[in-house]
Amino acid sequence: MHIITEQQIAEVLDPEIAFFAVQDVFASMESAAWNFPVVRESLGHQDALYGFKSGFDPASGALGLKAGGYWPNNASNGIANHQSSIFLFDAESGQCSSLLAGNTITALRTAAAAAVSIDRLSITDPGTLGLLGTGHQSVFQLEAALRVRSFDEVMIWNRSGRELQKHLAMAEYYGVRCREGKLEEVVRESQVIITITSCFEPLFPSQWVNGGTHIAAMGTDTKGKQELDPALSLRAERFTDEIAQSRTIGEFQHLPDDAPIVTIGSVIEGTASGRSNDDQITVFDGTGVGLQDLACAQAVIKALGAS
Ligand code: NAD
């Protein structure tokens with residue numbers, strides 16, 4: 001059995017590998033690949049949420065689970081709030097083949113999902129990227145987005161002032177202007193908005209969002225969490241990674257059950273259309289599925305030659 005550390009993963013898994021692994025598995029989810037029901041529990045200890053995401057992709061043979069969750073008090077102790085580990089199993093025998101540290105994979109696969117949505121759903125020439133939230137995932141989101149569109153400017157908002165050194169350095173590396181903005185200014189001026197917060201209520205009102213905007217809502221991954229005004233989601237064309245998760249633990253849990261939602265996999269496969277005009281608002285609810293983790297874990301194993 002292989003035991004793979006965060007350091008080994010950071011050496012071989014980059015945003016490009018993650019992008020294609022995630023895009024491919026979203027497509028596979030349109031046919032035989034499926035995610036098993038998510039377990040997500042509030043521990044009543046350290047305010048932590050803990051659970052399991054798992055699935056099987058017969059095409060790639062990816063079988064396994066991610067165990068982990070969110071410990072909101074970690075950051076004040078210098079540890080990322082998100083903590084997870086990934087187990088891969090041999091689909092032929094059920095034997096555990098690999099145990100991988102899950103934090104870098106989580107960050108890269110989540111950012112890759114937003115990037116796939118931006119690539120498929122945003123207008124082709126968005127001038128400004130707005131990023132709401134500057135926690136651990138945020139800079140990964142920034143890099144993944146900058147790789148799929150040529151933005152002129154990045155505007156960043158966080159509810160409490162935070163150091164933006166990593167964001168500024170990342171934007172500079174990609175040759176894009178980057179500055180902090182007030183929430184309303186960021187929302188009104190951006191053609192692509194990524195939300196990556198731990199919020200339990202809408203971050204901004206629907207009317208601040210202009211026609212043509214694409215929103216990748218990435219923070220809502222638990223019952224009760226919410227980043228978007230339901231009026232905005234209802235105004236928009238709605239896309240997600242997995243409809244069952246979106247309606248239970250994702251952003252669209254806050255919508256009526258009959259509100260239509262399209263999978264991003266069907267857009268990738270060409271069985272559903274994505275954006276149909278430059279005035280449409282599109283929302284991608286990235287709930288985070290187990291198969292994203294397994295696909296990236298497999299890519300790591302392949303890159304390390306450890307299979
Ligand atoms: P983090 O704890 O490092 O950062 C949290 C961010 O949310 C900070 O910017 C904080 O200021 C902001 N925030 C918290 N409460 C807020 C509020 N009420 N209003 C506005 N902003 C608020 O967390 P992280 O690791 O960066 O993760 C961010 C969110 O993304 C978490 O909710 C996490 O569960 C979620 N997440 C989702 C996926 C997925 O696949 N969808 C994957 C990883 C993380």
Side-chain angles (χ1 to χ4, degrees), residues 1-6 9 13 17-18 20-43 48-71 80-114 116 137 218-223 225 240-253 263-265 268 285-302 306-307:
M1 179 173 133
H2 306 293
I3 297 180
I4 315 292
T5 64
E6 292 290 359
I9 292 165
L13 186 63
I17 294 174
F20 288 108
V22 167
Q23 180 171 257
D24 288 352
V25 87
F26 283 162
S28 293
M29 282 162 52
E30 294 305 303
S31 46
W34 87 103
N35 295 284
F36 308 157
V38 172
V39 174
R40 188 99 167 145
E41 296 291 335
S42 181
L43 292 186
L49 294 168
Y50 179 72
F52 308 96
K53 287 186 171 177
S54 53
F56 178 46
D57 182 358
S60 67
L63 172 67
L65 65 89
K66 177 165 85 170
Y70 188 76
W71 273 255
N81 288 349
H82 248 279
Q83 292 295 328
S84 60
S85 308
I86 298 167
F87 296 83
L88 290 179
F89 298 90
D90 179 349
E92 304 311 313
S93 66
Q95 286 179 306
C96 186
S97 55
S98 308
L99 165 60
L100 300 94
N103 297 356
T104 304
I105 289 178
T106 297
L108 284 168
R109 67 77 145 141
T110 305
V116 168
Q137 312 295 325
M218 305 307 295
T220 298
D221 56 359
T222 300
K223 205 169 173 47
K225 277 189 179 174
T240 191
D241 43 24
E242 200 201 74
I243 291 171
Q245 271 194 208
S246 178
R247 290 199 199 279
T248 50
I249 60 170
E251 197 57 46
F252 299 148
Q253 67 183 281
T263 58
I264 192 76
I268 295 165
D285 174 22
T287 66
V289 296
L291 281 170
Q292 279 171 259
D293 297 296
L294 305 186
C296 288
Q298 268 199 329
V300 167
I301 295 297
K302 187 174 168 205
S307 56

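Not measured: the values here are computed from a predicted model.
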A side-chain contact here means heavy atoms from C-beta on lying under 4.5 Å apart; do [X] and [Y] qualify?
| X | Y | answer |
| --- | --- | --- |
| V22 | C296 | yes |
| N81 | W71 | no |
| L99 | M1 | yes |
| F56 | L291 | no |

Rounding to 0.5 Å, atoms NE2 (H2) and OG (S97) come to a distance of 7.0 Å
Value for CZ (F36) from CZ (F52), rounded to nearest 0.5 Å, stands at 14.0 Å
Residue pair [X] / [Y]: nearest heavy atoms and the distance that separates them:
| X | Y | answer |
| --- | --- | --- |
| G290 | N35 | N-OD1, 3.4 Å |
| V300 | I4 | CG1-CG2, 4.1 Å |
| Q298 | S60 | NE2-O, 3.1 Å |
| S98 | I301 | OG-CD1, 3.4 Å |
| A295 | A21 | CB-O, 3.8 Å |
| L49 | R40 | CD1-NH2, 4.1 Å |

Residues 85-92 side chain polar contacts: donor-acceptor under 3.5 Å, at least two apart:
| unit_1 | atom_1 | unit_2 | atom_2 | d |
| --- | --- | --- | --- | --- |
| D90 | OD1 | E92 | N | 2.8 |
| D90 | OD2 | S93 | OG | 3.4 |

Taking [Y]'s backbone N and O only, do any of them form a donor-acceptor pair with [X]'s side chain (distance below 3.5 Å, no angle check)?
| X | Y | result |
| --- | --- | --- |
| Q245 | E242 | no |
| K53 | L65 | no |
| Q23 | V116 | no |
| T240 | D285 | yes |
| T110 | A107 | no |
| D241 | T287 | yes |

Is the positively charged end of K225 above the ring of Y70, judged by distance under 6.0 angstrom from the centroid and angle within 45° of the axis?
yes
[X]: what forms a side-chain hydrogen bond (donor to acceptor under 3.5 Å, both in side chains) with it, not counting sequence neighbours?
| X | result |
| --- | --- |
| T104 | E6 |
| E41 | none |
| Q253 | none |

Inset, instruction - Would you sort out whether H82 and D221 count as a side chain to side chain contact (heavy atoms under 4.5 Å, CB included), showing the intermediate values? - result: CA-CA 12 Å; H82 248 279; D221 56 359; 4.1 Å; yes
When you check the side-chain N and O atoms of Q83 and N103, is any donor under 3.5 Å from an acceptor?
yes
- Message: Please tell me whether S246 and E251 have a donor and an acceptor in their side chains that are separated by less than 3.5 angstrom.
- Response: no
task: Start with the C-alpha distance between V289 and F26, add both sets of side-chain angles, then the distance that settles side chain to side chain contact (heavy atoms under 4.5 Å, CB included), and finish with yes or no.
output: CA-CA 9 Å; V289 296; F26 283 162; 4.2 Å; yes
D57 meets the salt bridge (charged side-chain N to carboxylate O under 4.0 Å, His left out) criterion, sequence neighbours left out, with none
Sequence neighbours excluded, the answer for salt bridge (charged side-chain N to carboxylate O under 4.0 Å, His left out) partners of D293 is K66, R109
